[in-house]
K.L.:
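Submitted below is the structure of interest, expressed as structure tokens.
Everything quoted here is computed from the prediction, not taken from an experiment. In listed order, ligands and their atoms are each counted from 1.
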Amino acid sequence: MAKLWDARFSKAENGRVNDFNSSISFDCRMFREDIAGSIAHATMLGRCGIIEASEADKIVKTLREILADLESGALAIDPEAEDIHMFVEEILTKRIGDTGKRLHTARSRNDQVALDIRLYLRSQIDDIRALLRELLTTLVDIAEANADAVMPGYTHLQRAQPVTFGHYLLAYAQMFLRDAERLGQIRARTNISPLGSGALASTTYPIDRALVAELLDMDGITENSMDGVSDRDFLAELIFALSLVMMHLSRFSEEIILWCSSEFSFIELDDAFSTGSSIMPQKKNPDIAELVRGKTGRVYGDLTAILTALKGIPLAYNKDMQEDKEAVFDAIDHTKLCVELFTAMIASMTVKTERLREAASGGFINATDCADYLVKKGLPFRDAYRVSGRLVAFCIANKTDFESLPLDTYREFSPLFDEGIYDAVDLDNCVNRRTVYGGPSHESVLRQIALVRDGAARIE
Ligand code: ARG
């Protein structure tokens, strides 16, 4: 294909150089945004009298036809084109001749691509937030059904204190709520128009930048033309936000993997979300959770790639910046897949509440409550802590637990013990006495559920 810059060059481009330079294979996914940006630009050029109104109309009309043809498949993307911007302009010019050649007045591909990527990321952020809303709704439903399902909470992966499965899931809900909120903030910084920055030094035409932003439903315009074409902060922070989403999903996946092992056996994944082994007939593997955990690494890789690509680039545009797209597209594609599949996986899992309670019963996770009981009887906490510790050692040596120990035995350790100790170490009581704001008690869990539901509903 003939190049736009043939006039300046005396030789055709080397075939390998064209392939190396081309970004059409991946930036073709921005065709809607490229056309929307061009429609807004042409409309503005017409209204400002920079091109004839009739020509602007013709360009807009033809761009709409090109969009429809691309959507329907009537027009195929040319893999030989250098990028999506050149491709659309070439088709436009093919269809309406000289008028098409006027579209690029007062514009450079540098501000054009900066606009396109912002528009594309804006719509992707909306998609991802909708997926997070689904995940949050699913989490809250499971939490509500298991608001009283006592289970051990862990520190150092050692049984620590009793919580409920509902409270446990609501901890993850808080992480995903923050993720959704963070993405909303990044959307606001992304939804700013750089168009009018030109190649780097803006333009001499009397353009109306604010009008273009308004036509594209953007919240403002960039302040400095060199920053306008060079800034990819919004893109890097999006990959960072996606890395956090993946990190949260990965921690959760790790729990799922542990929980469905025979050793924990806290949940069972649905057959439709598990895989078998090619050799071991008994196996049921949590592949989805493992892949989510694994893909977290590649999204971190995308973040490292963009930060590294940007760190040495002098102002303003340099071709290195074309590398931003594959990194952010990869992070978006994989995060979307992971959130969607993870949601479906947990929505269909079975929670084994009896096993949760059994695990909560065996490990003296009410030892803190035993000490707190003595504190309420007047003993200083450090002394109460020692008495409770000696009781744990005694129970382990005698293969018993706090619930079954006779009162006489308790009293050998401290005369402060009375019948009330059995109430104090009862697991449900241990949970429900933790009425502190943010704690695992029944009321606190219900309040958290209402708050998360409310937060999820506010994700537009
Ligand atoms: N394909 C290019 C990119 O993704 C578009 C901008 C090209 N600008 C230029 N001056 N070569 O960055």
Side-chain angles (χ1 to χ4, degrees), residues 1-9 12-38 40-41 63 70 77-93 101 103-124 190 192-203 212 222 224-236 238-239 302 305-333:
M1 189 182 294
K3 288 283 173 193
L4 282 173
W5 41 83
D6 281 354
R8 159 76 176 78
F9 286 55
E13 194 174 51
N14 176 296
R16 298 286 289 145
V17 167
N18 187 48
D19 292 346
F20 187 64
N21 232 358
S22 170
S23 53
I24 191 82
S25 63
F26 49 88
D27 65 18
C28 59
R29 66 160 83 189
M30 303 194 303
F31 73 88
R32 288 183 195 84
E33 290 74 17
D34 191 71
I35 292 174
S38 288
H41 181 66
L63 283 170
L70 283 170
I77 303 263
D78 173 10
E80 291 300 308
E82 188 182 317
D83 56 30
I84 189 62
H85 327 293
M86 296 294 220
F87 172 73
V88 172
E89 197 183 324
E90 270 157 25
I91 300 295
L92 180 72
T93 306
K101 294 187 196 160
L103 170 64
H104 212 53
T105 314
R107 188 175 73 170
S108 155
R109 262 192 304 162
N110 298 349
D111 57 351
Q112 185 179 359
V113 71
L115 173 71
D116 290 4
I117 191 74
R118 282 174 183 266
L119 291 174
Y120 181 79
L121 297 187
R122 175 180 79 176
S123 88
Q124 292 300 312
T190 301
I192 304 291
S193 173
L195 210 70
S197 299
L200 78 161
S202 77
T203 178
V212 173
T222 53
N224 176 293
S225 64
M226 295 183 80
D227 183 48
V229 288
S230 309
D231 171 25
R232 294 293 183 274
D233 294 1
F234 58 92
L235 185 148
L238 173 58
I239 308 184
D302 296 327
I306 185 64
L307 291 174
T308 311
L310 291 172
K311 77 184 255 294
I313 307 182
L315 298 180
Y317 180 86
N318 295 262
K319 193 71 176 231
D320 322 37
M321 296 174 80
Q322 181 166 288
E323 289 292 309
D324 61 355
K325 283 166 215 68
E326 280 162 299
V328 76
F329 295 165
D330 185 78
I332 288 169
D333 293 349

K.L.:
Does any N or O in the side chain of Asp320 come within less than 3.5 Å of the main-chain N or O of Ala309, such that one atom is a donor and the other an acceptor?
P.N.:
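Checking the backbone N and O of Ala309 against the side chain of Asp320, no donor-acceptor pair under 3.5 Å is found.
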K.L.:
Applying salt bridge (Lys or Arg N to Asp or Glu O under 4.0 Å), can you list everything that pairs with Glu82, at least two apart in sequence or on another chain?
P.N.:
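With sequence neighbours excluded, Glu82 shows a salt bridge (Lys or Arg N to Asp or Glu O under 4.0 Å) to Lys3, Arg109, Lys319, given in chain and number order.
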K.L.:
If you look at each N/O of ligand 1, which protein N/O atoms lie under 3.5 Å away, and at what distance?
P.N.:
| from | atom 1 | to | atom 2 | distance (Å) |
| --- | --- | --- | --- | --- |
| ligand 1 | 1 (N) | Ser23 | OG | 3.1 |
| ligand 1 | 1 (N) | Asp83 | OD2 | 3.1 |
| ligand 1 | 1 (N) | Gln322 | OE1 | 2.8 |
| ligand 1 | 4 (O) | Lys325 | NZ | 2.6 |
| ligand 1 | 8 (N) | Asn110 | OD1 | 3.0 |
| ligand 1 | 10 (N) | Asn110 | OD1 | 3.0 |
| ligand 1 | 12 (O) | Tyr317 | OH | 2.5 |

K.L.:
Output the distance between atom CG (Leu115) and atom CG (Asp34), rounded to the nearest 0.5 Å.
P.N.:
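CG of Asp34 is found 8.5 Å from CG of Leu115.
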K.L.:
Between atom OG of Ser230 and atom CG of Asn224, what is the distance when rounded to the nearest 0.5 Å?
P.N.:
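Output value for this atom pair is 8.5 Å.
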K.L.:
Taking atom types as modelled, is there a side-chain donor on Ser123 or Arg32 under 3.5 Å from an acceptor on the other?
P.N.:
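Their side chains do not contain a donor-acceptor pair, so the 3.5 Å distance test is not met.
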K.L.:
Are Tyr120 and Phe329 close enough that their ring centers fall under 6.0 Å?
P.N.:
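Yes, close enough.
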